Structure formats: C-alpha cells, structure tokens
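What follows is a single structure, written as structure tokens, with notes after it.
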Number of protein chains: 2
Amino acid sequence: MSEAIRELLKKNHMSVTDSRLQILDLFYHAPGALAHADIEKKASDKIDRVTIYRTLQTFEEKGIIHTIPSADNSVKYALCKDQCAEGHHHDNHVHFVCDNCSKTICLDDVLVPEVKLPGGFEPHQSNMVVNGLCNECRS
Amino acid sequence: MSEAIRELLKKNHMSVTDSRLQILDLFYHAPGALAHADIEKKASDKIDRVTIYRTLQTFEEKGIIHTIPSADNSVKYALCKDQCAEGHHHDNHVHFVCDNCSKTICLDDVLVPEVKLPGGFEPHQSNMVVNGLCNECRS
DNA sequence: ACAATTTTGCAATTATGTTGCAAATATTAT
DNA sequence: ATAATATTTGCAACATAATTGCAAAATTGT
C-alpha cells in the first residue's frame, strides 16, 4: 500500500523517510489541497514544522505537488496528477475553492482557457481559481 | 486634486483621514498593484503598520480595492475600476504578474473567461492570474 | 464648540517562515 | 551485516508578518 509511495520517492531520487511517507500519505487521502497548517495538525506522529516546510519545498521542486494561489495568504498544495517534470510544472487545470466548507479541489479535467493579452505581454503560465459551492455543499 | 479622493471616502461613509488619503493617493499613482509592504515603504509620512492593515481591509470591504491572489504568500491590492458594491466585488478581469520586474497589473479589458465546471459545482467568482513578461520588460 | 463616533498608534501577543548546525537516519559500497 | 558517505531531521535562534485590546487623538454631526 505504501509501496507505491516508496516507489515515487525513489523514482525522484529522494530518501525514504517517515515524514515523507506520512506527508505523501496525507496528500493521497486528503479530500482537497492541504496547507502547511493542515499537515501539521493531521499528521499522526508529530512532524517538525521545519521538516514540513522543507518537505513541501522539495516535493514541489520534484514535481510531486503543486501550489495553488489564494487571495488570503494561505498557499495550499496538491498532488500533481501526472508527474510534472522536475522544476517544470504543467498543471494547467482550474482550482475550485468552496465558500462553504473551504475545501480546495483540483478540477483535473477543466483546463485553464487561453486569453488574448494586450500587445507586448508575453504569457508563460496561467492560474485560475473559481470560488463557489462544491458538489457536496450544494446538496 | 485630492478632492476626488475625499469624495470617494465620503461617498462610502468613511472618515477622511491623513492615512487614508495618503494610501489612496499611492494607489492612484502606483504603476501596478501594491502589497502591504509597498505601502509601508512608499508612504511619505510614516503610517503605522496596523493602520495600513486596517485601512486595506476597510477599503476592500467598501469595494474600493480588490485583492489579487498569488502563489507566493504575498497578496496585493489594486483599485477597483468601477466602484464595486459594498461587500460584493465584480472585478472579473485578468491580472498579470511580470516574472522580471514582478509588477502586478490589472488587465481591465481582459475578462476572465467562463469555464464549464463538473456537475454539482456552482461558481460564484473566478480569478485568473497570468505570469510572464510585461510590455515594458519585453522591450 | 461640544458630544458622539471613528480612527489611530502603541504594546503585547500570536502566527508564519528561514537559517545554521549537530545528531539521527538512510543509502551505498564493501 | 558493517562501515563509510550522504541526506534528512529536529532544535534553537532569529526574522518577518499579522491580530487584538485599549487609551489617546482626530473626525463628524449638531
């Protein structure tokens, strides 16, 4: 079960450690994206704050997770669907943030549409976040 | 000159104070969006950090400025083009963040396109941020 | 000009993020 | 399996960012 997770770490030339296994496990079982604080709370064995920061950073660099921008100073992280190339993310899907339960969800199948920019602007990357009511909170 | 700004404050039932005039003035003359730190630095007369936090918050509530989400924990603020209704923003334009000069610019004429969400999701508000090179940095 | 209300500035507190380094753990080669 | 090497962790210290309560100051309406 955690065998897949071990493989993922090895594939990315990372040592297999308790904290990493635990954090990855959290991501795999989380209903939505996780913030640093969420991980700190949910971890069964206490993981040091600093370790969490560093782990999130290396996971992000390795293309295992990606960041989701927010308007309230609380960046969240979610698993990249298909492994992103190291240092080069290609997560161009829309993110949804529920106004009610405040879950952040990756809409893997909804791609960020292209927009036509004014002359002189050269786009590299686009992010789109939609707020509203998620499928669960609407019922 | 600052007469228009005074009017804006009165129209929104806010007392006219030095810090507010100064902060609004900064926004009107800024090349792009401003973060809390920018305001603290650029203010001619020193304004207390706490006052800046509170002023930004009330401006946002009154619909005078809006927040721009980011992926690096540094929320910025910009003037709402047309007064937004109190507590109800309708700034649905795309924002551009330059990877070089890191200015954040409101592309007032580029509207955030609609996307089709999976069944059950009810959208309320959309945000879109494009990174790349701005018109000045490309030259 | 006065009374009522709002806003400010300070101090204290809490939250968030970063760095250096020694100890612990994991990996590699023998 | 063990030793040598490399990586990762946890702690302490520090730095920055944000929030709260409250008394003093400024603003507004009469």
Side-chain angles (χ1 to χ4, degrees), chain A residues 2-3 5-26 33-62 64-65 67-77 86 102 104, chain B residues 2-3 5-26 33-62 64-65 67-77 86 102 104:
Chain A
S2 70
E3 201 43 48
I5 297 186
R6 297 186 107 82
E7 280 314 308
L8 180 56
L9 289 175
K10 297 213 166 170
K11 199 166 298 174
N12 284 284
H13 317 292
M14 287 186 266
S15 299
V16 176
T17 68
D18 256 18
S19 10
R20 284 177 182 168
L21 291 175
Q22 218 182 136
I23 293 177
L24 270 184
D25 196 71
L26 282 180
L34 298 173
H36 178 278
D38 298 324
I39 296 172
E40 209 174 344
K41 282 177 216 147
K42 293 195 186 179
S44 35
D45 311 308
K46 279 303 161 218
I47 307 175
D48 191 81
R49 282 163 38 72
V50 180
T51 301
I52 298 176
Y53 280 119
R54 292 196 271 227
T55 304
L56 289 174
Q57 187 182 306
T58 59
F59 281 0
E60 210 262 336
E61 285 164 5
K62 298 288 185 179
I64 294 175
I65 60 176
T67 61
I68 301 168
S70 88
D72 70 327
N73 272 329
S74 71
V75 177
K76 297 201 171 185
Y77 301 83
E86 179 154 352
S102 70
T104 298
Chain B
S2 71
E3 200 44 46
I5 297 185
R6 297 185 107 82
E7 280 315 308
L8 180 56
L9 290 175
K10 295 212 168 171
K11 200 168 297 175
N12 284 284
H13 316 293
M14 287 186 265
S15 299
V16 177
T17 67
D18 255 18
S19 11
R20 285 178 181 168
L21 290 174
Q22 220 182 134
I23 293 178
L24 270 184
D25 196 71
L26 282 180
L34 298 174
H36 177 279
D38 298 324
I39 296 172
E40 208 173 348
K41 284 178 213 147
K42 294 195 183 179
S44 35
D45 311 308
K46 280 304 161 218
I47 307 176
D48 191 81
R49 283 166 41 74
V50 180
T51 301
I52 297 176
Y53 281 119
R54 291 196 271 226
T55 304
L56 289 174
Q57 187 182 307
T58 59
F59 281 0
E60 211 261 335
E61 285 165 5
K62 298 289 185 178
I64 293 176
I65 60 176
T67 61
I68 301 167
S70 88
D72 70 327
N73 271 329
S74 70
V75 178
K76 297 199 172 187
Y77 302 83
E86 178 154 351
S102 70
T104 298

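All values derive from a computational prediction rather than experimental measurement. Just so it is clear: chains get the letters A, B, ... in the order the sequence lines come, proteins before strands, and each one is counted from 1.
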>> Taking side chain to side chain donor-acceptor pair (under 3.5 Å) as the definition, give me every residue that meets it alongside A:S70, ordered by chain and number, with sequence neighbours left out.
In response: A:D72

> Which heavy atom in A:A33 sits nearest to a heavy atom in A:K76, and how many Å separate them?
Replying inline: CB-CB, 3.8 Å

>> Categorize B:N73 for me: base, sugar-phosphate, or nothing, with a 4.0 angstrom heavy-atom threshold over every strand shown.
In response: sugar-phosphate

>> Test: ring-ring contact (aromatic ring centres under 6.0 Å, His included). Region: residues 33-54 of chain A. Which pairs qualify, not counting sequence neighbours?
In response: A:H36-A:Y53

> Within this structure, what is the NZ-to-C1' distance between B:K10 and D:dG29, rounded to whole angstrom?
Replying inline: 11 Å

> Do the side chain of A:Q22 and the main chain of A:A43 share a donor and acceptor less than 3.5 angstrom apart?
Replying inline: no

> Partners of A:V50 by side-chain contact (heavy atoms from CB on, under 4.5 Å), sequence neighbours excluded?
Replying inline: A:D48, A:R54

>> Within the structure provided, determine whether B:L9 and B:L21 are in side-chain contact (heavy-atom separation under 4.5 Å).
In response: yes

> In residues 41-57 of chain A, which ones come under 4.0 Å of DNA chain D, going by heavy atoms?
Replying inline: A:D48, A:V50, A:T51, A:R54

> Of B:I65, B:I64, B:L34, B:T51, which meets side-chain contact (heavy atoms from CB on, under 4.5 Å) against B:L56?
Replying inline: B:I65

> Can you name the residues that form a side chain to side chain donor-acceptor pair (under 3.5 Å) with A:Q57, not counting sequence neighbours?
Replying inline: A:E61

>> Restricting to side-chain contact (heavy atoms from CB on, under 4.5 Å), what partner residues turn up for B:T67, sequence neighbours left out?
In response: A:A71, B:E60, B:V75, B:Y77

> Once you round it to whole Å, what is the distance between P of D:dT16 and CD of B:E40?
Replying inline: 12 Å

>> What is the distance, to the nearest angstrom, from the NZ atom on B:K11 to the P atom on D:dT28?
In response: 16 Å

>> When the axes are fitted on five pairs at both termini, how much does the helix from C:dA1-D:dT30 to C:dT30-D:dA1 curve, in 10° steps?
In response: 50°

> Taking atom C1' of D:dA17 as reference, at what distance in whole Å does atom CD1 of B:I39 sit?
Replying inline: 14 Å

>> Under the rule for side-chain contact (heavy atoms from CB on, under 4.5 Å), what residues qualify as partners of B:S15, not counting sequence neighbours?
In response: B:T17, B:R20

> In whole angstroms, how far is the C1' atom of D:dA26 from the CZ atom of B:R6?
Replying inline: 13 Å

> Among pairs that include at least one residue of residues 33-47 of chain A, which meet salt bridge (charged side-chain N to carboxylate O under 4.0 Å, His left out), considering only residues two or more places apart or in two chains?
Replying inline: none

> With nearest nucleotides of DNA chain D determined for A:M14 and B:A37 from heavy-atom distances, which residue corresponds to the more 5′ nucleotide?
Replying inline: A:M14

> Where does the chain B footprint on DNA chain C start and end, counting 5' to 3' with a 4.0 Å heavy-atom cut-off?
Replying inline: C:dT6 to C:dG17

